[in-house]
Amino acid sequence: MNKTESITKVASEELFEKSKMLFPGGVNSPVRAFKSVGGTPLFIKKGDGPFIWDEDGNKFIDFCCSWGPLILGHNDPDIFESIVETLKNGTSFGAPTRKENDLASFILERIPFIDKLRFVSSGTEAVMSAIRLARGYTGKNKIIKFDGCYHGHVDALLVNAGSGLATFGTSSSAGVPEAFAKETIVLPLNDLDGLRRCFEEYEQDIACVIIEPVPANNGLLLQNNVFLNGLRLLCNEFKILLIFDEVISGFRVAFGGASELYGIYPDIVTYGKIIGGGLPVGAYGAKKEIMQFVSPDGPVYQAGTLSGNPVAMAAGLAQLKKCSQEGFYKNIAIRTEKFTAEINLFCSENNYPLELVSIGSIFWFSFNGKKRIVRSSQIDPDMSYFNKLHNFLLNNGVYIGPSGYEVGFVSDKHSHHILDEASLKIIEGIKELFG
Ligand SMILES: *Cc1c(COP(=O)(O)O)cnc(C)c1O
């Protein structure tokens with residue numbers, strides 16, 4: 001395809017015109033609307049392995065992978081098979097099923113720092129419930145989050161940092177009362193001194209600290225071991241619960257997520273995305289003494305009509321079984337590393353201010369040219385380069401998430417061959433940007 005030519009979007013445009021009358025912004029989750037990159041969102045018709053096809057029949061190498069859940073790519077035959085087998089017996093019962101035991105045992109046998117789990121239906125729900133549990137367990141109300149970490153659309157976490165150190169948050173969404181936001185303290189990442197000062201000042205009131213141990217929703221703000229370990233030790237010292245939100249990093253950077261990768265264990269963990277094999281599942285877990293506070297054992301109420309849905313459990317188990325095989329994470333990380341290294345070499349040889357930051361099978365286009373970005377304030381807010389690259393790639397058969405703050409995902413179906421093809425196109429796009 002000629003690189004200056006645009007792909008046909010007739011069907012997507014027509015569908016978008018219709019969907020705008022049906023949904024706010026024409027979508028059921030905001031970033032899908034292509035607002036930051038401009039243009040019409042593509043309506044996707046099908047996926048297979050590393051590829052997706054839109055309604056106009058355009059084919060793409062997919063690095064969005066449904067924002068992370070599809071670590072086995074699209075339409076993995078084992079997941080497909082187990083979904084179909086399970087479906088034959090019905091879709092939902094509102095009563096316990098064997099499948100819930102199967103998936104929970106599989107996870108608990110492999111993740112040493114939790115004794116019990118509770119399944120929910122999304123990452124947001126997992127985080128919301130984990131926060132409630134932390135508050136119920138400690139009897140304290142305030143929580144700490146870090147600027148640049150995303151935890152779903154939980155009221156208490158749609159909060160921005162106020163000005164100055166250790167300030168109470170201000171609401172970042174209409175509809176979140178300031179009174180709720182005030183219960184959340186927002187701190188910068190990678191700042192142990194700030195954290196200690198905050199702990200000293202509000203020790204009596206803080207229920208928990210929540211962090212994405214691999215912050216991957218606002219660029220990829222990789223934290224070092226010193227900070228994460230220091231955070232763990234400070235939480236121990238002040239007896240404040242530590243929540244790792246591993247909705248994106250769990251079963252992604254290692255089977256046991258960032259906790260396993262860094263060897264640092266939280267008190268409560270949240271999962272989502274990969275755990276459901278492409279169907280809606282979330283979970284939170286902790287040691288027995290904490291989980292016994294959850295209803296019906298304890299006073300912290302939390303429930304769900306479709307929680308532990310058997311079809312979703314089956315999809316999740318099929319996926320996690322494959323992920324747990326020897327060498328799975330190593331292989332995918334090696335391929336990702338080669339892919340990013342090639343592009344990074346090209347950029348550094350030409351002095352272009354772009355670097356692909358990566359960990360495991362997650363990568364991010366960092367247009368600062370600065371290595372080691374660890375805080376959201378270090379991200380260049382000018383996304384015009386990213387937006388141009390996004391548009392170029394879309395016209396050349398590579399689909400990445402439509403926002404420069406979002407990361408890309410490599411699946412086990414992205415072979416060396418596919419990644420070589422993608423890196424050639426990305427390099428072509430970079431030449432077009434800076435050349
Ligand atoms: C995706 C994500 C969430 C929210 O999960 P949903 O399933 O979209 O509600 C929460 N926390 C993190 C770290 C995430 O990446």
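One-based numbering, in listed order, for ligands and for the atoms of each.
- Near I248, meaning under 4.0 Å from one of its heavy atoms, ligand 1 places the atoms 15 (O).
- Those atoms of ligand 1 that come under 4.0 Å of a heavy atom in Y150, given as number and element, are 11 (N), 12 (C), 13 (C).
- Residue contact check: T124 has heavy atoms under 4.0 Å from atoms 4 (C), 5 (O), 6 (P), 9 (O) of ligand 1.
- Under 4.0 angstrom from ligand 1, the non-hydrogen atoms of E212 all belong to its side chain.
- Side chain to side chain, N236 and R232 meet the donor-acceptor criterion of an N or O pair below 3.5 Å.
- A salt bridge links K322 to D78: at least one charged side-chain nitrogen sits closer than 4.0 Å to a carboxylate oxygen.
- For ligand 1 and H151, the ligand atoms under 4.0 Å from any heavy atom of the residue are 10 (C), 11 (N).
- With salt bridges taken as basic N to acidic carboxylate O contacts below 4.0 Å, none links K59 and D54.
- Donor-acceptor pairing under 3.5 Å is lacking for the side chains of Q302 and R132.
- Using a 4.5 Å heavy-atom cutoff, the side chains of I210 and I144 are not in contact.
- Heavy-atom contacts of N217 reach the following atoms of ligand 1: 12 (C), 13 (C), 14 (C), 15 (O) (cutoff under 4.0 Å).
- Using a 4.5 Å cut-off on side-chain heavy atoms (C-beta onward), F106 and N101 make no contact.
- In this structure, a donor-acceptor pair under 3.5 Å is absent between the side chains of S249 and E212.
- Shown in contact with S122 at under 4.0 Å from a heavy atom are these atoms of ligand 1, numbered in order with element: 7 (O), 9 (O).
- The shortest contact between atom 3 (C) of ligand 1 and any protein heavy atom is with V247 CG1, 3.7 Å.
- In terms of protein heavy-atom proximity, atom 11 (N) of ligand 1 is closest to D245 OD2, 2.7 Å.
- For atom 7 (O) of ligand 1, the nearest non-hydrogen atom of the protein is G123 N, 2.9 Å.
- Annotation: K273 places an N or O atom under 3.5 Å from an N or O atom of ligand 1; distance criterion only.
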Check your understanding: Between E342 and S423, is a side-chain hydrogen bond (donor to acceptor under 3.5 Å, both in side chains) present by the stated rule, with each step listed?
Key -> CA-CA 7 Å; E342 257 166 36; S423 70; 3.0 Å; yes

